Every structure is written in structure tokens, then in C-alpha cells.
Amino acid sequence: MTETRVRSVGCRLLTAFYALAGAGHLYFTEAIVRIVPAWVPQPRVVVLATGICELAGAMALVFPRWRRPAGWALAAYALCVWPANVQHAINDLSHGTGLSIWYHAPRLALQPLIIWWALWASGAVRVKQAP
């Protein structure tokens, strides 16, 4: 499989990933509000806005003209929501309720990969091939 084909598949998977995540933010709003760090103002509005941003990013990935800007935006987005993922882990692990370390450790460790995935699959960055 050529690099172009692999990148195309990666972009389609990324589109599906963010479309599902965006729909999840809109459908499971109240559950997601509970993991928003306390310093974030108006958490419900932020969760709804982030869901809309994920859906918009997924939609932009479909169009070649918007694919690279969407990749940069989704990478920045993934970086910006990392504190909520950390807060979610702290909440669950410190109170002994919710999801275990077996969920949170991979989720937190994979965040840089999600950032890279957005940049690579969108064509925002290129990987140089060895000669």
C-alpha cells in the first residue's frame, strides 16, 4: 500500500473518530461536564462547543481544501482537552469510582499519538522517506 493510500485511510479513520467524539459530546453532555476541570468557565457550554468543533473538524477533513487547516486545528484541540482527560483520571483514581488506571493510562499516553495522527493524516506534516 502506498503512503498516499495509507494516509487516505488514516484520514478517513480520523474523520470517523472525531465525528463520533463530537456526537458523543453532544449526546453525553452532562457526563462529560463532570470531567471538565473546575477552572474552566461554563463547562456545559464548553462541552457543547467542543463537540461542535470536533464535528466541524471532521467535516473539514472531508474537503481537500480544508484538510490541512483541520489537521492543525484538531491537533491543537487534542492538546487543549488533555487537561480534562487528566482531570477525569484524577477524579476516577482518587475517589475509587469510575474507570480504572487500565483505561486512563493508555488514554493519557495516546494523546500525543492522536495529535500526531491529526497532523499526519491531514497532510499538515510529511514524513520523509529514507532513500
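Numbers here simply count residues along the sequence, with the first being 1. All figures in this text were calculated on a predicted structure; none of them were measured in a lab.
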Let me check something: do [X] and [Y] share a hydrophobic cluster, defined by ILVMFWY side-chain heavy atoms less than 4.5 Å apart, either directly or through other members?
X     : Y      : answer
Val45 : Ile52  : no
Val6  : Val9   : yes
Leu14 : Val125 : yes
Tyr77 : Ile35  : no

Mark yes or no for whether [X], through its side chain, and [Y], through its backbone, hold a donor-acceptor pair below 3.5 Å.
X     : Y      : answer
Arg7  : Ala121 : no
Glu54 : Ala19  : no
Arg67 : Ser122 : no
Ser8  : Thr4   : no

Check against side-chain contact (heavy atoms from CB on, under 4.5 Å), Leu113 and Leu110: CA-CA 5 Å; Leu113 181 61; Leu110 289 174; 3.8 Å; yes
Value rounded to 0.5 Å, distance of [atom1] in [X] from [atom2] in [Y]:
X      : Y      : atom1 : atom2 : answer
Leu20  : Tyr27  : CG    : OH    : 14.0 Å
Leu79  : Leu74  : CG    : CG    : 12.5 Å
Trp66  : Leu61  : CH2   : CG    : 12.5 Å
Ile101 : Leu93  : CD1   : CG    : 5.0 Å
Trp72  : Ile115 : CH2   : CD1   : 11.5 Å
Cys11  : Phe17  : SG    : CZ    : 13.5 Å

Do the side chains of [Y] and [X] get nearer than 4.5 Å, heavy atoms only?
X      : Y     : result
Gln111 : Val81 : yes
Val36  : Gln87 : no
Pro112 : Trp82 : yes

Closest non-hydrogen atom pair between Pro83 and Cys80, with its separation: CD-O, 3.1 Å
Shortest non-hydrogen contact between Ala60 and Ala70, atoms and distance: CB-CB, 3.6 Å
Donor on one side chain, acceptor on other, Asp92 and His88, under 3.5 Å: yes
Option from Ile114, Leu13, Leu55 for which side chain to side chain contact (heavy atoms under 4.5 Å, CB included) with Tyr18 holds: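 Only one of Ile114, Leu13, Leu55 forms a side chain to side chain contact (heavy atoms under 4.5 Å, CB included) with Tyr18, namely Ile114.
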